[in-house]
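Written below as structure tokens is the structure these notes are about.
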Amino acid sequence: MKSYNVDQFKGITVAMYSCYDEKGEVSTEAAKKLARHYASIGVNGLYVGGSSGEGMLQSVEERKQTLEAVMEEVGREMTIIAHVGAPSTRDSVELSKHAEQVGAHAISAVPSIYYRLSPQSVKHHWQQMIDSTSLPFIIYHIPQTTGFQLSKALLTKMAAQDKVIGVKISAESTFELQQFKAAGGEDFLVFNGPDEQYLAGRSIGADGGIGGTYGVMPELFMKIEKCYVEGKMEEARSWQFIVNDLIAELLAFPSLYGACKAILKLRGLDTGEARLPFLPVPEADMGRLESINKKIITYISQAQD
Ligand SMILES: CC(=O)N[C@@H]([C@@H](O)[C@H](O)[C@H](O)CO)[C@@H](O)CC(=O)C(=O)O
């Protein structure tokens, strides 16, 4: 049994989008406003500085500022997971210590990126972060971007440590998800990463999900979760299908992050543009984006009926 309260991490965790001002600088004001919005609709947790949060495109200082803003605003109401992974172990450890100082509930990290690393190097990289704080640690497995294929053997070794409470799996294999859950044991948390497979992931063993597109429609993922918990599988499935059609439309823009941030802006939650190389929504596509936004809003109100 893990000595940490793992239940607080279950359910829906929004992978928060980056928050910038009109000049492209980190905006703590926008981060607070966005975090407050999620708290006000009952989202369980936030994942800060991950893929959707563009942590890899930000300096260590910018990442600290964002996390501090989120902690100040909602740290006492929501479960906050700080993504601290960076290419260098040194920066990752600095971010880990900072996350503990400001009161984050857990840290999480991808393997170091760019270099092709041995499993021993990745293990050592993660271990330095784990040993630098008393916070629980969540592995972030996203091989399509990092190039690192986490093996069941390494996962099992990592999960044997009390501090390693879970893995966020953004790979699309639900088989792998199930195998990692079995390897980690009952109180080892597995988070579904591909939002398109939330229900599939839950059905095969995930304890909850961490996702980027949740950010523009958390209510719909909360609805799927509710239906699933209540055993209403047909209803859960029809909501997942609705969500998937919306995601397919969002994925058709030059950048998913750019499209989601533009939707937030339409709703008065201005988080600035995604940082380059992610492209903004072309002016010519704004009409299409507005109609997707309207569709999402309609579904949200239906989900709440
Ligand atoms: C590659 C990527 O960004 N994957 C997303 C998904 O939420 C993804 O945006 C969604 O499933 C749409 O394909 C998450 O798994 C990543 C995530 O939660 C994060 O932002 O850290």
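Quick note: numbers below take in every heavy atom, side chains included, and nothing from hydrogens, waters or symmetry partners. Whatever order the structure lists ligands and atoms in, that order sets their numbers, starting from 1.
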Using distance only, find each side-chain donor-acceptor pair of residues 263-283 under 3.5 Å and give its atom names and separation, not counting sequence neighbours.
unit_1	atom_1	unit_2	atom_2	d
R267	NE	N293	OD1	2.8
R267	NH1	V216	O	2.9
R267	NH2	V216	O	3.1
R267	NH2	N293	OD1	3.1
D270	OD1	G272	N	2.9
T271	OG1	K261	NZ	3.2
R275	NH1	L57	O	3.2
R275	NH1	E62	OE1	2.9
R275	NH1	E62	OE2	3.4
R275	NH2	G24	O	2.9
R275	NH2	E62	OE2	2.9

Identify every side-chain donor-acceptor pair in residues 234-241 under 3.5 Å, counting partners at least two apart or on other chains, and give the distances.
unit_1	atom_1	unit_2	atom_2	d
S238	OG	E235	O	3.0
Q240	OE1	Y198	N	3.3
Q240	OE1	L199	N	2.9
Q240	NE2	D195	O	3.1
Q240	NE2	E196	O	3.2
Q240	NE2	N244	OD1	2.8

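The aromatic rings of F180 and H141 lie tilted to each other, with the angle between the two planes from 30° to 60°.
Side-chain contact of Y20 with E54: a donor-acceptor pair under 3.5 Å is present, judged by distance alone.
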Need the list: ligand 1 N/O atoms against protein N/O atoms, distance under 3.5 Å, rounded to one decimal.
unit_1	atom_1	unit_2	atom_2	d
ligand 1	3 (O)	Y257	OH	2.7
ligand 1	7 (O)	D195	OD1	2.9
ligand 1	7 (O)	D195	OD2	2.8
ligand 1	7 (O)	G212	N	2.8
ligand 1	11 (O)	D195	N	2.9
ligand 1	11 (O)	E196	OE1	2.7
ligand 1	13 (O)	E196	OE2	2.6
ligand 1	15 (O)	S170	OG	2.7
ligand 1	15 (O)	G193	O	3.1
ligand 1	18 (O)	K168	NZ	2.6
ligand 1	18 (O)	I210	O	3.4
ligand 1	20 (O)	S51	N	3.4
ligand 1	20 (O)	S52	N	2.7
ligand 1	20 (O)	S52	OG	2.6
ligand 1	21 (O)	S51	N	2.9
ligand 1	21 (O)	Y140	OH	2.9

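Using a cutoff of 4.0 Å between basic side-chain nitrogens and carboxylate oxygens, E25 and K23 are not scored as salt-bridged.
The ring-ring contact (aromatic ring centres under 6.0 Å, His included) analysis of residues 285-305, with sequence neighbours excluded, yields no pairs.
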